[in-house]
Amino acid sequence: MRKNIIAGNWKMNKTLAEATQFVAEVKNKIPATDQVEAIVCAPFPYLASLVEQAKGSNVKISAQNMHFEDNGAFTGEVSPVMLKDIGVSHVVLGHSERREYFAETDETVNKKAHAAFNHGLTPIICVGETLEQREANETKSLVGEQVRKALEGLSKDQVTQSIIAYEPIWAIGTGKTASSEDANEVCAHIRQVVKELTDAATAEAVIIQYGGSVKPSNVDELLAQSDIDGALVGGASLEADSFLQLVEAGAK
Ligand SMILES: O=C(CO)COP(=O)(O)O
């Protein structure tokens, strides 16, 4: 049985004091079971100190983005080498907000996925459709294409280790969740695409999260679905209590 991975994506929120307080509150309360993994995706300036703070606990620390190059003249960017150097384990790639506001494309997501593996970071690769695309019945073809492009050229081993997050854009921060059946249908389609790209064992192993207005009141139903293996959570991951409830749901 696949485990659940609950990742809290704080986006551009919290002061250092608030970030530190959060990790202090949650780090000894993560259920000690292999069934669940807890990840905090924090803003760049806090990563190094949160990694130190989380040492010896079951909380992993992730970045929310990175550049694909190791170093160079890319003012304002952060490289995979830097993230690895400070002990970050995961990196969110291709979040819809990066795609919409910062010109992220399937091609750069793919370059970043390769760069992540080249430096021992685990990518959390985000895909998802807009409301217009859903209404035009394009969800599966669009999401399938995003997955194909993001994973292009990765080995089966690397695909197995990747985390894919299905986040319908219309459900992000809107309070609208995809019904658990609809979310599961798209996650199952993603698994099918992974199978076509690799093989049945890889598709069976890959972790596929759902994201979009996940909260303690709807997480159980989502995680009960056959192809949903955790959640990428924005708003409801900002409070320690609520994050812990989500992680506990993942441990069931
Ligand atoms: O974008 C998201 C996580 O990456 C989802 O955000 P919300 O949980 O706030 O809808």
Side-chain angles (χ1 to χ4, degrees), residues 4-14 18-19 22 26 36-44 46-47 50 59-66 88-102 104 109 112-113 116 121-131 133-134 139 142-143 146-147 150 162-180 182-184 186-187 190 207-223 225 228-250:
N4 286 311
I5 299 186
I6 306 295
N9 176 12
W10 288 350
K11 308 190 180 182
M12 197 173 71
N13 289 293
K14 290 193 185 294
E18 288 164 352
F22 180 102
V26 305
V36 75
E37 209 173 294
I39 304 176
V40 168
C41 312
F44 287 131
Y46 311 147
L47 291 172
L50 296 187
V59 178
K60 304 213 165 82
I61 305 297
S62 172
Q64 299 174 8
N65 176 43
M66 66 176 192
V88 164
S89 55
H90 292 70
V91 58
V92 178
L93 299 180
H95 191 281
S96 60
E97 289 148 16
R98 303 279 334 157
R99 293 179 192 255
E100 183 177 356
Y101 307 130
F102 302 99
E104 192 81 83
V109 172
K112 291 178 183 193
L121 298 163
T122 301
I124 303 174
I125 297 166
C126 303
V127 295
E129 82 286 4
T130 63
L131 189 56
Q133 290 161 334
R134 171 157 286 255
T139 301
L142 178 109
V143 167
Q146 286 177 327
V147 170
S162 301
I163 300 169
I164 300 173
Y166 167 56
E167 297 204 308
I169 296 169
W170 49 272
I172 295 178
T174 58
K176 287 185 200 156
T177 328
S179 75
S180 37
D182 284 351
N184 191 54
V186 181
C187 291
I190 291 172
I207 297 286
I208 304 177
Q209 300 175 311
Y210 169 77
S213 298
V214 177
K215 41 190 182 279
S217 60
N218 61 18
V219 70
D220 285 334
E221 200 190 323
L222 288 159
L223 296 185
Q225 299 294 320
I228 301 180
D229 316 317
L232 182 58
V233 188
S237 76
L238 290 169
E239 298 297 329
D241 270 3
S242 147
F243 180 69
L244 280 171
Q245 285 179 53
L246 297 168
V247 174
E248 276 155 22

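Note that ligands are numbered from 1 as they come in the structure, with each ligand's atoms numbered from 1 the same way. Keep in mind the model is a prediction, meaning the values are calculated, not measured.
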Can a donor-acceptor pair be found between the side chains of E104 and H95 at a distance below 3.5 Å? no

Please state whether the rings of F22 and W10 are parallel, tilted or perpendicular, taking 30° and 60° as the class boundaries. perpendicular

Which bit of E167 is near ligand 1, meaning a heavy atom under 4.0 Å away: side chain, backbone, both or neither? side chain

Mind checking whether G212 has a heavy atom under 4.0 Å from ligand 1? yes

Hey, is the main chain of M66 close enough, under 3.5 Å, to the side chain of K112 for a donor-acceptor pair? yes

CD/E18: more than 12 non-hydrogen atoms of other groups inside 6.0 Å: yes

Return yes or no for this condition: an N or O of T174 is under 3.5 Å from an N or O of ligand 1. no

Check N9 against ligand 1 and report side chain, backbone, both or neither, counting heavy atoms closer than 4.0 Å. side chain

Which atoms of ligand 1 are found less than 4.0 Å from any heavy atom of G235? 7 (P), 8 (O), 9 (O)

Has the side chain of D229 got a donor or acceptor atom that lies under 3.5 Å from a matching backbone atom of I208? yes

Compare G234, G173, G211 and give the one whose heavy atom is closest to atom 10 (O) of ligand 1. G173

In ligand 1, which numbered atoms sit nearer than 4.0 Å to a non-hydrogen atom of S213? 7 (P), 8 (O), 10 (O)

If you measure from each heavy atom of K11 to ligand 1, is any distance below 4.0 Å? yes

Residue A171 vicinity, atoms of ligand 1 by number, heavy atom under 4.0 Å: 10 (O)

Would a distance-only check, ignoring hydrogens and angles, find a side-chain to backbone donor-acceptor pair under 3.5 Å from E129 to R134? no

Please check: side-chain N/O of Q133 versus main-chain N/O of T130, any donor-acceptor pairing under 3.5 Å? yes

